[in-house]
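Counting begins at 1 with the first residue of the sequence. Just so you know, these numbers use all the heavy atoms, side chains as well, and skip hydrogens, waters and symmetry mates. For clarity, every value in this text was computed on a predicted model and none was experimentally measured.
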Amino acid sequence: MQIKTPNKKESIGLKNISLLIVVLFIAAFFDFLFSGLRYIQYALTPALTLVILFFFSKKGKGLNMFRWLVILFIILFIRGLLRDNYNKYILGDIISFSFSVFILFFNSNSIFYYLKDKIPILMAKLLIIFIPLSLFAFLKYGNISSGTTRALISDGNINEKVLYYPILFAPLLLPFMFDMKLYLKVTIIFANLLLILFGIMTATRGMFAMPIIAFLLVFVLQKKISIKRIILLCSMLFVFFQFVLVENNTLFNEKVDYLFSRIEDKKDVSGGRNSEIYDLFKEFNITEFIIGRGAGGTQKFGFWKEIDTTLNLGANMGHYGFTHLLLKGGFLLLFTIYGLALWSIINLYRRGDRKFMIVILIYLMFEISHNQFNNLAFLLLFWISISYSLKLSSDKIILKK
């Protein structure tokens, strides 16, 4: 079969998508410093959706699945309106749901064969911007001092996510780095090392563990890392952390001890973050279990009962991924999203892909630690990975293993 290169229309579409993604991600980062920039996301995400629909809406399994998702999200939107959910929260959920449009990305043969690494490369280049910004925020606003404390920020007007959010997606890029230029490989590895360091210094278990887990998944499943590369990476780790140890040995060791004490800590399932699960199953009625509370749905489960939230409306999220999906759309949304993800993992494995399969695995593992359904970078990589799986299945493609 003769494969055509991307035509003029598709090339224009890719340029527009790339520009919108860059602006959206930069706005998402700076919103933690200058509250209000999220409205740029609200304005541009519909434009991004229209661009995808116009340039990449072609027949295939991706389009069929997208139609079902649109029907489901319309139902959740109407339910949110009927329940009189807070309009701003409804809008925020629409932004998150809109990223499912990237399930159409690989419907085009030319995009599939020639540009399947375009988005990962673009995101790797964005890390070149985000790494120094994260370091600046960490050094300027980070409240990293001695004592067993998890205080992350020294300025009450700054969101603590500014310390790590811009580079949090770095583990999802590890599977793609073997096909990138050297400077991008170094950028991705350095961003993951920074996440490990931030995880230690802020005693954040997920941030510390996920880059390590992602590296192990790449090593075990892709088998592209030679012994020489492992030695090189270990040497980089040693130099990286030795620098920190030389600078402040006592503080670093103290933070390491505190981090591992949190990892080993065993809490009652009805306390802390787990109380959301406990109270959700206690308080949900049958209808809510089936279809959730709709777009903009909030909750005051568990410890949120004692914590003030915007206008006392409750939290517009669940800490764990599956509680968040249950909150918004019940088991209908949960089975749709996670069922599609699990099917994609199995399908990608059978058809010989490892890169996009690992992305979905890492995404789901992050979801165990903390919901990522409102993280634009995660959603983008998650949906194009599912799109890739649907394309392989639709065209009955078996890749070389």
Side-chain angles (χ1 to χ4, degrees), residues 1-22 45 47-71 98-125 172-173 175-181 184 221-222 224 336-337 339-361 363 377-401:
M1 180 177 68
Q2 185 177 2
I3 307 299
K4 294 182 179 179
T5 57
N7 57 39
K8 184 177 180 180
K9 177 181 176 181
E10 290 171 334
S11 298
I12 293 172
L14 281 166
K15 289 179 181 178
N16 290 332
I17 289 170
S18 299
L19 176 61
L20 288 169
I21 288 173
V22 169
T45 301
L48 181 64
T49 302
L50 292 175
V51 169
I52 290 283
L53 288 173
F54 180 75
F55 290 102
F56 302 105
S57 183
K58 302 178 184 296
K59 290 183 179 180
K61 287 188 176 181
L63 182 59
N64 295 335
M65 181 55 64
F66 180 68
R67 286 169 178 161
W68 161 243
L69 289 171
V70 169
I71 292 171
S98 293
F99 267 67
S100 65
V101 75
F102 276 94
I103 204 170
L104 302 173
F105 188 72
F106 285 116
N107 273 6
S108 164
N109 280 336
S110 55
I111 298 298
F112 175 78
Y113 283 101
Y114 286 93
L115 297 167
K116 58 180 178 292
D117 294 327
K118 178 71 175 181
I119 297 297
I121 289 174
L122 173 64
M123 297 179 72
K125 290 179 178 179
L172 281 74
L173 297 179
F176 302 98
M177 68 177 183
F178 302 105
D179 300 321
M180 296 184 186
K181 294 180 179 179
L184 292 178
L221 295 175
Q222 284 189 278
K224 286 189 175 182
T336 296
I337 302 298
L340 186 57
L342 292 174
W343 172 84
S344 296
I345 290 171
I346 296 170
N347 184 58
L348 288 167
Y349 181 80
R350 288 176 174 174
R351 296 183 180 277
D353 177 83
R354 295 295 182 269
K355 293 184 289 188
F356 290 97
M357 180 187 72
I358 292 173
V359 168
I360 301 174
L361 283 170
Y363 177 92
F378 275 69
L379 288 175
L380 172 60
L381 288 169
F382 175 74
W383 285 115
I384 66 170
S385 297
I386 290 177
S387 178
Y388 191 79
S389 177
L390 288 167
K391 178 64 175 178
L392 291 177
S393 179
S394 181
D395 292 358
K396 299 179 181 179
I397 298 171
I398 303 293
L399 303 172
K400 293 181 180 181
K401 298 184 180 182

Side chain of [X], backbone of [Y]: donor and acceptor closer than 3.5 Å?
X: Lys355; Y: Phe176; value: no
X: Arg351; Y: Ile397; value: yes
X: Ser387; Y: Trp383; value: no
X: Ser394; Y: Leu390; value: no

Where do Met177 and Leu184 land on the side-chain contact (heavy atoms from CB on, under 4.5 Å) test, with the steps shown first? CA-CA 7 Å; Met177 68 177 183; Leu184 292 178; over 6 Å; no
Can you list, pair by pair, the side-chain donor-acceptor contacts under 3.5 Å of residues 49-64, counting residues two or more places apart and other chains?
unit_1	atom_1	unit_2	atom_2	d
Thr49	OG1	Thr45	O	3.0
Lys61	NZ	Ser393	OG	2.7

Point-to-point distance, once rounded to the nearest 0.5 Å, from [atom1] of [X] to [atom2] of [Y]:
X: Ile360; Y: Leu381; atom1: CD1; atom2: CG; value: 10.5 Å
X: Tyr349; Y: Ser389; atom1: OH; atom2: OG; value: 14.5 Å
X: Asp117; Y: Asp179; atom1: CG; atom2: CG; value: 5.5 Å
X: Arg354; Y: Leu361; atom1: CZ; atom2: CG; value: 10.5 Å
X: Lys391; Y: Ile111; atom1: NZ; atom2: CD1; value: 10.5 Å
X: Asp353; Y: Ile358; atom1: CG; atom2: CD1; value: 8.5 Å

Taking the side chain as every heavy atom from C-beta outward, state whether Phe105 and Ile119 have any atom pair closer than 4.5 Å.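 Contact flag for Phe105/Ile119 side chains = yes.
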With a 4.5 Å limit on heavy-atom distance, are the side chains of Lys181 and Ile121 in contact?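 In short, these two side chains do not touch, never coming nearer than 4.5 Å.
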Could you pull out all residues at least two apart from Phe102 that satisfy ring pair (Phe, Tyr, Trp, His ring centres under 6.0 Å)?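 For Phe102 the ring pair (Phe, Tyr, Trp, His ring centres under 6.0 Å) partners, ignoring immediate neighbours, are Phe99.
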If you apply the rule side-chain contact (heavy atoms from CB on, under 4.5 Å), what do you find for Phe382 with Ile337, and how did you get there? CA-CA 10 Å; Phe382 175 74; Ile337 302 298; 4.1 Å; yes
Minimal non-hydrogen separation, Ser385 against Leu348, with atom names: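 Reported closest heavy-atom pair: O-CD1, 4.2 Å.
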Does Ile103 form a side-chain contact (heavy atoms from CB on, under 4.5 Å) with Ile384? I'd like the steps, not just the answer. CA-CA 6 Å; Ile103 204 170; Ile384 66 170; over 6 Å; no
Can you say whether the rings of Tyr388 and Phe106 are parallel (under 30°), tilted (30 to 60°) or perpendicular (over 60°)?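 Perpendicular.
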Go through the steps to decide whether Tyr363 and Leu379 satisfy the test side-chain contact (heavy atoms from CB on, under 4.5 Å), and finish with yes or no. CA-CA 9 Å; Tyr363 177 92; Leu379 288 175; 3.9 Å; yes
Would you mind writing out the side-chain donor-acceptor pairs for residues 13-21 within the sub-3.5 Å range, not counting sequence neighbours?
unit_1	atom_1	unit_2	atom_2	d
Asn16	ND2	Ile12	O	3.3
Ser18	OG	Leu14	O	2.8

